[in-house]
Student: 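The structure under discussion is supplied below as structure tokens; questions concerning it will follow.
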Amino acid sequence: MERYNFKLIESKWQNLWEKNQSFKTKIDKNKKKFYCLEMFPYPSGKIHMGHVRNYTIGDVLSRFKILKGFNVLHPMGWDSFGMPAENAAKQNKQDPKIWTENNIQTMKKQLKQLGLSIDWDREISTCSEEYYKHQQKFFIDMYKKGLVYKKENYVNWDPVDETVLANEQVIDGKGWRSGATVERKKLSQWFFNISKFADELQNELDNLDQWPNKVKVMQKNWIGKSFGCEIDFQIKGNSKIEKITCFTTRPDTLFGFSFLALSVDHPLSNFFEDDPKFKEFKLECSKTGTTEESIANAEKVGFKTNLFAKNPLDESHTVPVYFANFVLMDYGFGAVFGCPAHDQRDFDFAKKYNLEIKTVVKPFDEKDTFKVESEAFSGSGVIINSEFLNGLKVPEESVVKTIEILEEKKLGKKKINFRLKDWGISRQRYWGCPIPVVYDNEGMPHTVPEDKLPVKLPSKINLNAKGNPLSSVDDWKNIEFDGKKFLRETDTLDTFVDSSWYFLRFCSPQNKDRPFEIEDINYWMPVDQYIGGVEHAILHLLYSRFFMRAIGYKDNKFNFKEPFKGLFTQGMVCHETYKDKNNNWRGPDEVISDDGKNYYLKSDKSNKIVVGPSESMSKSKKNTIDPEKIIELYGADSVRLFILSDSPPEKDVQWSEQGIMSSYKFIQKLFLLDQKIKTINKKTKKKSSIELSKFINQFLNKIEKNLSNFHYNVIIANIHEAYSHWIKLIKDEENYDNLIKEYSKFLISISPVLPHLTSECLDELNIKNLEWPKIDEKYLIEENVKIVVQFNGKKRGTLDAKKDIQEEDLIKNIVKSKDFDKYLKGNKIKRHVYIKNRLINFLI
RNA sequence: GCCCUCGUGGUGAAAUUGGUAGACACAAAGGACUUAAAAUCCUUGCCCUUUUGGGAGUGCCAGUUCGAGUCUGGCCGAGGGCACCA
């Protein structure tokens with residue numbers, strides 16, 4: 001028999017799918033739609049195993065839904081603006097546009113080799129004018145609706161690359177690319193007003209019942225809603241300063257008030273700028289490292305002012321006002337009321353500056369004389385030493401009650417605060433969407449008139465110029481509208497803006513005038529299943545949720561709220577790591593082992609390799625496997641099979657050479673099985689057995705259930721089991737036509753995983769127009785069951801019985817069988833428990 | 001420090017949701033076929049027993065139950081997220 005020639009057959013089917021436009025989708029209101037989307041890739045050069053896993057998972061689902069009769073939208077595009085293009089361009093002196101387009105061509109070819117069911121007619125690329133011109137329009141619309149603004153803000157500044165870095169691009173206080181220590185710098189930046197939607201973004205999470213809980217928790221923490229109140233503190237010591245407003249979640253500890261602390265960036269700092277000691281203090285504060293950890297561990301220090309704050313609940317009680325390094329300007333009001341007894345940070349500060357520590361909450365099981373000594377007490381309990389607040393339960397009564405009192409006395413009011421900050425979208429980068437703004441000669445910003453859109457990126461540019469490359473392109477920067485001179489905004493948009501609406505563009509990818517047609521959107525959206533890495537849990541997913549709301553703000557025509565109805569976060573692909581004797585990383589193709597234990601370098605047998613733990617594949621550790629080479633060697637179906645087989649898709653999977661080999665062998669076995677089945681002598685096989693129908697229907701049932709729950713690894717196990725069953729089956733006498741009929745159902749049901757092999761096998765049977773086989777429920781019911789027999793909860797054997805056997809009959813059979821004599825003999829059965837068709841437990 | 005998730009053979013993992021623990025696969029050991037190797041196939045997998053059998057067993061300790069990998073409480077360990085958020 002011939003071997004399965006995957007090279008021939010896979011390319012044959014890929015060409016056919018392309019020629020027949022098999023995955024082209026159109027709106028069809030008679031069919032239920034299913035929008036399956038995987039996170040689109042950044043075109044960095046070649047696809048990696050992470051892509052293979054991501055897109056295989058999505059493809060299996062898409063193909064399954066197509067078979068189930070859904071109208072499936074399964075598109076693909078390119079997140080093609082971003083820093084790597086610019087950096088590569090600098091190194092290779094190549095135009096970022098050309099570099100990007102070449103990569104797209106390469107990766108597109110590679111994706112096609114995987115046999116993905118993608119409607120390539122909908123392909124989009126965010127760096128094309130056709131895409132970003134709509135984005136500029138969104139920016140202008142949002143500007144007009146007051147959702148975009150410009151303000152001065154502190155940013156992460158890389159002094160070597162001369163650019164702003166996003167928080168995630170700062171690693172241990174250093175620029176991820178330059179390695180330079182990142183500075184805080186105040187810059188004028190554009191912002192999206194995402195915090196306006198903070199409450200809704202948090203509340204709507206509860207309705208996303210097809211999202212992993214983990215992601216929802218992360219977003220909730222990120223948005224960080226907290227309930228409290230704002231309080232005005234009257235100030236003494238400077239006649240120009242009347243009051244300071246603070247936000248607090250613990251107004252109930254107001255009688256424990258012992259200092260008030262301000263951020264050094266607080267507007268009131270202006271009154272102290274002339275004081276050289278304050279200036280020095282402020283400078284010191286700005287030097288503290290920028291990493292979160294170094295901030296958290298930094299010593300709490302303060303600068304004492306000549307100001308005093310009055311306790312609003314007791315005017316005779318005044319406390320000193322400090323500037324302190326731990327107070328953030330961009331949370332609350334940049335001012336904190338300090339209660340050392342019940343907040344550890346305040347406690348540390350009070351200890352250092354010898355401030356009063358007054359206990360105002362005691363635990364339930366303590367006396368009223370309870371005193372905070374060595375550390376702050378922040379647990380629940382009862383209010384003490386607080387006059388009219390005494391006796392209130394902390395926190396459930398005390399906070400609400402104190403706010404009521406403060407509101408009544410007009411000293412404060414209820415307030416909900418969010419941790420979520422507005423989204424800074426300015427980047428001093430060339431390879432991004434230009435911000436459609438110009439400045440007049442007074443420096444006032446204006447949005448670019450719509451008939452002058454798009455603002456195109458200039459093509460000839462010196463990327464090695466210092467700072468933002470766009471600011472040195474004079475003939476682009478200087479522009480005239482109707483005879484008036486303007487200067488262009490040279491910042492470009494954060495690339496997360498590009499990916500915040502690409503899923504909408506897929507619905508109307510070729511529309512020239514508008515980003516989308518509303519009918520298209522309302523038919524296809526929301527995305528029914530979104531699949532991608534958990535690393536986007538907060539940023540991309542939160543930004544997209546915001547963007548939907550921002551586009552629909554004041555003029556909502558969408559018939560849905562959330563862009564992604566279902567979310568699945570897949571795990572990473574890992575591989576062992578290797579280090580040679582000089583402590584250099586080595587790749588899997590550089591090392592070899594004869595016994596599976598001792599590894600050495602292929603090129604130098606004396607160089608022993610230390611095998612490290614399996615880690616997520618990364619170029620820096622050289623533990624990557626190139627999908628293209630693997631497809632070349634084993635074929636796409638083998639890769640698809642293996643990437644799904646070992647671990648559940650949400651967990652990390654370990655890549656192994658043995659694993660891919662065994663998947664390859666299994667594909668060969670399936671093909672051999674196929675040949676055997678088709679060459680069975682048609683005449684000698686007579687009977688149509690119920691067993692065959694049972695087997696196939698139960699198999700279909702398992703596959704369908706496991707497909708719906710993303711238990712793809714179990715599906716592979718099911719296929720293995722089914723294979724063994726077929727091998728036994730073909731030795732039996734079976735009516736040929738019936739055999740083929742049931743066998744074709746098997747092929748169809750595994751086609752989402754192995755589309756090339758099954759297409760070929762089905763084609764030989766002349767089966768076209770594939771449909772998911774209907775499961776015949778009557779074959780799911782077994783008329784014989786195996787019943788577990790237990791004595792005192794211990795399994796002592798099993799007994800075959802008719803389904804739904806009566807209890808008495810079962811017991812009779814057990815006694816009759818004699819297998820259990822040694823447990824029954826001489827023992828009295830006190831009672832027994834019978835679980836129908838499953839188990840019987842005798843208690844003796 | 002706070003929050004979330006997870007602990008099952010040498011390894012990756014299954015387990016109809018409280019009912020035969022370890023399906024399926026990788027690796028290992030032994031065997032069969034081979035002159036030999038590769039490939040393929042079969043067996044084994046912790047403890048006692050030659051076998052028949054029996055015992056222990058899902059991180060640890062308790063509890064609920066006829067019955068717990070699954071439920072409850074406490075502890076230990078691993079991974080991830082957030083981190084001066086007032």
Side-chain angles (χ1 to χ4, degrees), chain A residues 212-222 224-226 228 230 246-251 253 260-261 263 288 291-300 324-328 330-339 343-346 348-349 378 417-421 534-535 537-538 574 596-597 614 642 645-648 650-663 665-666 669 701-702 705-706 711 713-724 786-798 822 830-844:
Chain A
N213 197 44
K214 177 174 63 171
V215 175
K216 290 196 275 186
V217 169
M218 279 163 77
Q219 289 210 1
K220 223 167 221 177
N221 291 340
W222 188 265
K225 185 177 183 173
S226 54
E230 56 175 274
C246 294
F247 171 74
T248 179
T249 54
R250 294 299 304 274
T253 61
L260 199 150
S263 162
T288 339
T291 63
E292 276 114 11
E293 214 182 332
S294 71
I295 290 169
N297 297 334
E299 197 190 354
K300 282 130 193 70
N325 64 342
F326 59 83
V327 185
L328 302 170
D330 49 10
Y331 186 80
F333 298 92
V336 174
F337 112 81
C339 174
D343 180 287
Q344 191 57 40
R345 187 198 51 211
D346 293 352
D348 297 341
F349 192 78
S378 53
N417 223 341
F418 295 93
R419 205 188 78 104
L420 182 69
K421 289 162 198 154
V534 73
E535 64 273 20
I538 295 172
C574 300
K597 284 172 199 155
S614 183
F642 176 63
S645 65
D646 265 6
S647 296
E650 69 276 12
K651 291 219 316 195
D652 287 355
V653 66
Q654 164 94 26
W655 183 271
S656 79
E657 319 304 315
Q658 290 94 341
I660 181 70
M661 258 310 258
S662 89
S663 292
K665 284 178 193 166
F666 186 65
K669 284 204 235 170
N701 192 40
K702 277 190 237 172
K705 218 178 68 201
N706 289 325
H711 293 167
N713 55 325
V714 188
I715 289 178
I716 310 304
N718 295 148
I719 298 176
H720 275 115
E721 282 171 322
Y723 167 79
S724 308
K786 212 170 227 168
I787 289 174
V788 173
V789 182
Q790 293 186 336
F791 288 88
N792 284 344
K794 283 196 172 118
K795 182 196 159 194
R796 297 300 180 190
T798 58
K822 65 175 170 180
K830 284 186 219 145
R831 58 180 276 223
H832 65 267
V833 181
Y834 176 52
I835 307 298
K836 204 174 164 190
N837 295 328
R838 220 164 253 169
L839 170 148
I840 186 157
N841 188 8
F842 295 100
L843 299 169
I844 50 176

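Every heavy atom of this structure was used, including side-chain atoms; hydrogens, water molecules and symmetry mates were not. The sequence lines fix the lettering, A, B, ..., with proteins before strands; numbering per chain opens at 1.
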Student: Mind checking if A:T248 touches a base, just sugar-phosphate, or nothing, with heavy atoms under 4.0 Å?
Tutor: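 Sugar-phosphate only.
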
Student: Enumerate the protein-to-nucleotides 20-22 of chain B contacts in which both atoms are nitrogen or oxygen and the separation is below 3.5 Å.
Tutor:
residue, atom, partner, partner atom, Å
B:U20, O2, A:K795, NZ, 3.0

Student: Using atom types as modelled, flag every donor-acceptor pair under 3.5 Å from a side chain in residues 836-844 of chain A to any protein atom, sequence neighbours excluded.
Tutor:
residue, atom, partner, partner atom, Å
A:N837, OD1, A:D804, N, 2.8
A:N837, ND2, A:D804, OD1, 3.0
A:N841, OD1, A:G793, N, 2.9

Student: Looking at residues at least two apart in the chain, or sitting in another chain, which of them share a salt bridge (charged side-chain N to carboxylate O under 4.0 Å, His left out) with A:K220?
Tutor: A:D206

Student: Output all residues satisfying ring-ring contact (aromatic ring centres under 6.0 Å, His included) with A:Y834, sequence neighbours left out; order by chain, then residue number.
Tutor: none

Student: So A:K216 and A:N213, do their side chains get closer than 4.5 Å, heavy atoms only?
Tutor: yes

Student: Got a sec, which residues hit ring-ring contact (aromatic ring centres under 6.0 Å, His included) with A:F349, two or more places apart in sequence or on another chain?
Tutor: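 A:F349 satisfies ring-ring contact (aromatic ring centres under 6.0 Å, His included) with A:F259, A:Y322, A:F326, A:Y353 once adjacent residues are dropped.
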
Student: Should A:S656 be listed as having a side-chain N or O under 4.0 Å from OP1 or OP2 of B:A27?
Tutor: no

Student: Which residues pass the side chain to side chain donor-acceptor pair (under 3.5 Å) test with A:N706, sequence neighbours left out?
Tutor: A:N718

Student: Between protein and nucleotides 4-10 of chain B, what N or O pairs are separated by less than 3.5 Å?
Tutor:
none

Student: A:L420 or A:Q658: which one's nearest nucleotide on RNA chain B is closer to the 5' end?
Tutor: A:Q658

Student: Nucleotides 43-48 of chain B: which of its N/O atoms have a protein N/O under 3.5 Å away?
Tutor:
none

Student: Can you name the residues that form a side chain to side chain donor-acceptor pair (under 3.5 Å) with A:E230, not counting sequence neighbours?
Tutor: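 If we apply the side chain to side chain donor-acceptor pair (under 3.5 Å) test to A:E230, skipping adjacent residues, there are no hits.
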
Student: Check if the side chain of A:K220 and the base of B:C3 share a donor-acceptor pair of N or O atoms closer than 3.5 Å.
Tutor: no

Student: Give me, pair by pair, the N or O atoms of the protein and of nucleotides 14-18 of chain B that are less than 3.5 Å apart, along with how far apart they are.
Tutor:
residue, atom, partner, partner atom, Å
B:A14, OP1, A:N713, ND2, 3.2

Student: With the sugar-phosphate defined as primed atoms, P, OP1 and OP2, and the base as all remaining atoms, what B/S/- string results for nucleotides 52-57 of chain B, 5' to 3', for protein heavy atoms under 4.0 Å?
Tutor: -SSSS-

Student: Excluding sequence neighbours, so at least two apart, what forms side chain to side chain contact (heavy atoms under 4.5 Å, CB included) with A:T249?
Tutor: A:S226, A:F247

